[in-house]
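So that the names make sense, note that chain A is the first sequence line, chain B the second, and so on, each numbered from 1.
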Protein chains: 2
Amino acid sequence: MARAAQAPRAQYDVQRLLAVAVTVFIERGYDGTSMEDLARAAGITKSSIYHHVESKEQLLRLAVDRALEALFAVTEEEGVSQGRAIVRLGYVLGRVVEVLCAELPYVTLLLRVRGNTETERWALERRREFDRFVRGIVVEAAADGDLRADLSPALVERLALGMINSITEWYHPGRVDIGELKATVVTIVGAGLRGAE
Amino acid sequence: MARAAQAPRAQYDVQRLLAVAVTVFIERGYDGTSMEDLARAAGITKSSIYHHVESKEQLLRLAVDRALEALFAVTEEEGVSQGRAIVRLGYVLGRVVEVLCAELPYVTLLLRVRGNTETERWALERRREFDRFVRGIVVEAAADGDLRADLSPALVERLALGMINSITEWYHPGRVDIGELKATVVTIVGAGLRGAE
DNA sequence: GTCTATATTACGATAGAC
DNA sequence: GTCTATCGTAATATAGAC
């Protein structure tokens, strides 16, 4: 539970510093993290941090930008434009699980952003844009008759993405198999949407 | 988007002050909220707030305690001890949706707590306790053969509660019917767990 | 129950030496 | 690239009048 001193081996560049910062941001919250906290975790002084970045907010911006890039990359993949909507939906949701696990700390931070600063408001808007992309596919699936008639597409999108996003609350690499995780999510959502009874 | 001045009609007691504080905590985050922010939102001064509570942290404690009380009350209800586990699971999940909507701001705050202070660590531990309660029912349902064999009970519990908890991210009273919301959640999860294909 | 005024500390960020 | 020292501000909380 105690945060031990970090190995001060190599010197820092922005990416290494960012990795440390994101870890601390997740542990203590962005607002709850002081530059002094970051300095301690990185094993350097506050001043040294300012050699690499202009501000604390820039660290946040770099982090959420990385997460957003990874998510929007999915919207350009072949799997999102091939085949029936219900199949494409399964593809996208599975890929989001994978991106979330691959870029865990960055996506985790993105999902915790609330909108206090300009950076946070921009991140929230881009997140909503991604959500709308997914919702579009759910709407298509509904039009295809592949969604139970008693389910609202908008609600389904929110609950499905909410389930997936909640993975950041507990996932640790290695403790759960990503394949199983992805399969479980797609099974629950997939069966739930078409579901028999 | 701008936070207008609050109606300063009545004088404050702890509960009224708490309601205002929780709203601001959700909007700006607990750490991101200053006592000055609270004072402005409440239409009184910082000093006046300290007449009602000992500290900012006490406001957080009162809030998360209210949420936890509401959640744990569900574990004492008849519906959690009657009938097949899979039925009891549906009951509990549905009730959590209802509690979440009924106590929205308090539960929202509870779910955002990260563990910086003693209060937050205590809240996290009680949350985990509730999660274990739900997991126990999922395990029973699996033993009854009412859960697809390829699904891990622990994973199912996390994803199901994660889906439900994510409702706090977007729910606003009146904008969505609670009955529909509850039905959609129980349908998706229920069909997903037993699911045919 | 609310106010003005203030003590005290912590914070983000900068200056300038090495 | 990192350091020590420090500036200016904003934070939590208290004292004491009304």
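To the nearest angstrom, P of D:dA10 lies 17 Å from CG of B:Leu38. Rounded to whole Å, the distance from CG on B:Asn116 to P on C:dC11 is 11 Å. A:Tyr12 has its OH atom 15 Å from the C1' atom of D:dC3, to the nearest Å. Protein atom CD1 of B:Ile49 is 17 Å distant from nucleotide atom C1' of D:dA15, rounded to whole Å. Rounding to whole angstrom units, CD1 of residue B:Ile44 and P of D:dC18 are separated by 21 Å. Regarding A:Arg16, its CZ atom lies at a distance of 12 Å from the P atom of D:dG1, rounded to whole Å. As a whole-Å value, the separation of A:Glu36 CD from C:dT9 C1' is 14 Å. For the pair B:Met35 CE and D:dA10 P, the interatomic distance rounds to 18 Å; values are reported in whole Å.
Note on A:Lys46: a base of the nucleic acid sits closer than 4.0 angstrom, heavy atoms only. Contact annotation for B:Ser34: backbone-only contact, meaning every heavy-atom pair under 4.0 Å involves sugar-phosphate atoms and none involves a base.
Of the candidates C:dT14, D:dT12, C:dT2, the closest approach to any side-chain atom of B:Ser48 belongs to C:dT2. You'll find that the side chain of B:Gln11 is closest to C:dT2, out of C:dT2, D:dT2, D:dA13. Distance from the side chain of B:Ser47 is smallest for C:dA5 among the nucleotides C:dA5, D:dA5, C:dT2. The listed nucleotides are D:dA15, C:dG1, D:dT12; the one nearest the side chain of B:Lys56 is D:dT12. Set against D:dT6, D:dT14, D:dT4, the side chain of B:Tyr50 has D:dT14 as its closest nucleotide. Side-chain atoms of B:His52 lie closest to C:dG1 of the nucleotides C:dG1, C:dC11, D:dT12.
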Which atom pairs, one a donor and one an acceptor, fall under 3.5 Å between side chains of residues 160-168 of chain A and the rest of the protein, sequence neighbours left out?
| from | atom 1 | to | atom 2 | distance (Å) |
| --- | --- | --- | --- | --- |
| A:Asn165 | ND2 | A:Leu161 | O | 3.3 |
| A:Ser166 | OG | A:Met163 | O | 2.6 |
| A:Thr168 | OG1 | A:Asn165 | O | 2.8 |

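Along DNA chain C, the nucleotide nearest A:Glu54 and the nucleotide nearest A:Gly32 are compared for position; the residue whose nucleotide lies closer to the 5' end is A:Gly32.
Checking the phosphate oxygens (OP1, OP2) of D:dT2, no side-chain nitrogen or oxygen of A:Thr45 falls inside 4.0 Å. Phosphate proximity of D:dT2 to A:His51: absent, as no side-chain N or O sits under 4.0 Å from OP1 or OP2.
Applying the ring pair (Phe, Tyr, Trp, His ring centres under 6.0 Å) definition to pairs two or more places apart or across chains, those involving residues 129-153 of chain B are B:Phe72-B:Phe130.
With B:Glu169 as the fixed residue, the salt bridge (Lys or Arg N to Asp or Glu O under 4.0 Å) test singles out one of A:Arg112, A:Arg158, A:Arg128, A:Arg114: A:Arg114. Checked options B:Trp122, B:Tyr106, B:Tyr30; the residue passing with B:Val64 is B:Trp122 (criterion: side chain to side chain contact (heavy atoms under 4.5 Å, CB included)).
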What's the verdict on salt bridge (charged side-chain N to carboxylate O under 4.0 Å, His left out) for B:Arg95 and B:Glu103, showing C-alpha distance, side-chain angles and the deciding distance?
-> CA-CA 12 Å; B:Arg95 287 289 293 132; B:Glu103 301 289 333; over 6 Å; no
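Checked by distance alone, B:Ser55 brings no side-chain donor or acceptor within 3.5 Å of a matching partner on the base of D:dT12.
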